[in-house]
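All chains are named by letter (A, B, ...) in the order of the sequence lines, taking the proteins before the strands, and each is independently numbered beginning at 1.
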Number of protein chains: 2
Amino acid sequence: MNLPPLVQSFVLHFGEMGRSWGINRTVGQIYALLYVSPEPLNADQIVDALGVSRSNVSMGLRELQTWNLVLLRHIPDDRRDHFTTPDDVWQILRVLAEERKKREVDPTLSVLRELLMQKPATAEERHAQARMAEMHGLIEQLTTWYDDVKRLETERLAALLALGAKVTKLMEVKDRVIALARPRRKENV
Amino acid sequence: MNLPPLVQSFVLHFGEMGRSWGINRTVGQIYALLYVSPEPLNADQIVDALGVSRSNVSMGLRELQTWNLVLLRHIPDDRRDHFTTPDDVWQILRVLAEERKKREVDPTLSVLRELLMQKPATAEERHAQARMAEMHGLIEQLTTWYDDVKRLETERLAALLALGAKVTKLMEVKDRVIALARPRRKENV
DNA sequence: CTGTGATTTCAGTAATTCCTGAAATCTTGA
DNA sequence: TCAAGATTTCAGGAATTACTGAAATCACAG
């Protein structure tokens, strides 16, 4: 591996971290390298930088493309493909969230739905199904929220984050205002 | 494996899913089994249910305990340890979020901080550092939000989720009210 | 203490995943 | 159409991770 020390540390860290992210070392390293690189890189440059085989880089880039984490750039008068990452980190976050949901959450949701349709044959199965229903309910709430929030422009999303838990204060205020506006019923929202 | 069909499907799914979650098949299966089981189970019952070796179960339970995903229950007049999962799914979610943050986010944050302290030697390193700063900023915003929100009681958290993107509407209203209250300055928040 | 049963450890093996070099395929300029 | 360069595929070996059975350790009732 032949990289400036700062970049190398970053790349190595991402390589190791890849483990807990479900991608292999090389894929993690390629991503990190492209992320910090000032220019798009072609496959051979990645080979040189990381010291892994050409074919490994090819497979790694492929995987990153299926994750939509990498962009293809054409450089004039150069036949080779060059790669970058999107440069807006919020955009990267969105893509990452979407892909992880697709891989980690959606399949589970669909299995749960399927199992919840079946008729339990025993008390044990009935209990199991009740537990699955709880899990299903939670996941559905989370994904509904996510689908809702992911549409926000970055500006608003950031504002929402900045507000954090203080949002609940806002909700209380809203409830009070509404209560004032129509004071006849007690339980209104 | 010797389980009612409904439970078996669920357990098998979690075993497979474990891959993309950084845990191995057995660990995923043990967790799923405990999650749907009406009673706490001891290690031998898990062995029977899943058809894996006793030592594998022992290691799996160990890992689940380091994740804080499993509870130890003592059954009167029984020397063997029995295991369950917390039964509140929201609680499970909290634990999961906390653990994943600890494993997947915190190490990266600390590496980034460290690298950002160093002096860049070249233009390339300067650019890399700028990119790292962007990433660091985003992660910090997210974790600040998370630290804030995780303290909410389940009630409020659920209300917040239900509101979803509509929160921004609320924020607009707030801004308008404030603008009305002090109309002299334009850019106020 | 001691004996019984429960649990963990660990070395070896099985299974899986990763990576490579060689060959095949694709792409494009001449 | 061909040749040169670029990229991908893939079989096999390397590295890593998962799992097992046997032995060690632990916990506690008698």
Quickly work out the [X] [atom1] to [N] [atom2] distance and round it to whole Å.
| X | N | atom1 | atom2 | value |
| --- | --- | --- | --- | --- |
| A:Asp44 | D:dT7 | CG | P | 7 Å |
| B:Gln45 | C:dT7 | CD | P | 11 Å |
| A:Asn24 | D:dT17 | CG | C1' | 14 Å |
| B:Leu61 | C:dT7 | CG | C1' | 11 Å |
| A:Arg25 | D:dA15 | CZ | P | 11 Å |
| A:Asp77 | C:dT27 | CG | P | 20 Å |
| B:Glu63 | C:dT9 | CD | P | 14 Å |
| A:Asn42 | D:dT7 | CG | C1' | 12 Å |

Within the 4.0 Å heavy-atom criterion, would you say [X] contacts the bases, only the backbone, or no part of the nucleic acid?
| X | answer |
| --- | --- |
| A:Asn56 | base |
| A:Arg80 | sugar-phosphate |
| A:Asp81 | sugar-phosphate |

Please determine, by modelled atom types, if B:Glu98 and B:Tyr146 share a side-chain donor-acceptor pair under 3.5 angstrom.
-> yes
Please check if any side-chain donor atom of B:Ser20 sits under 3.5 Å from a side-chain acceptor atom of A:Arg100, or the reverse.
-> no
Comparing A:Arg79 and A:Arg62 on DNA chain D - which has the more 5′ nearest nucleotide = A:Arg79
Does the D:dG21 base have a donor-acceptor partner in the side chain of B:Ser55 within less than 3.5 Å?
-> yes
A:Arg19 vs D:dT16: side-chain N/O to OP1/OP2 distance below 4.0 Å | no
Phosphate OP1/OP2 of D:dT7: any A:Arg54 side-chain N/O under 4.0 Å = yes
Would you check, one step at a time, whether the test side-chain hydrogen bond (donor to acceptor under 3.5 Å, both in side chains) holds for B:Thr154 with B:Arg94?
-> CA-CA 10 Å; B:Thr154 297; B:Arg94 285 169 203 274; 3.1 Å; yes
Output yes when a side-chain donor or acceptor of A:Arg131 lies under 3.5 Å from a complementary backbone atom of B:Asp87, and no otherwise.
-> yes
Are more than 12 heavy atoms from other residues, nucleotides or ligands located less than 6.0 Å from atom CZ of B:Arg54?
-> yes
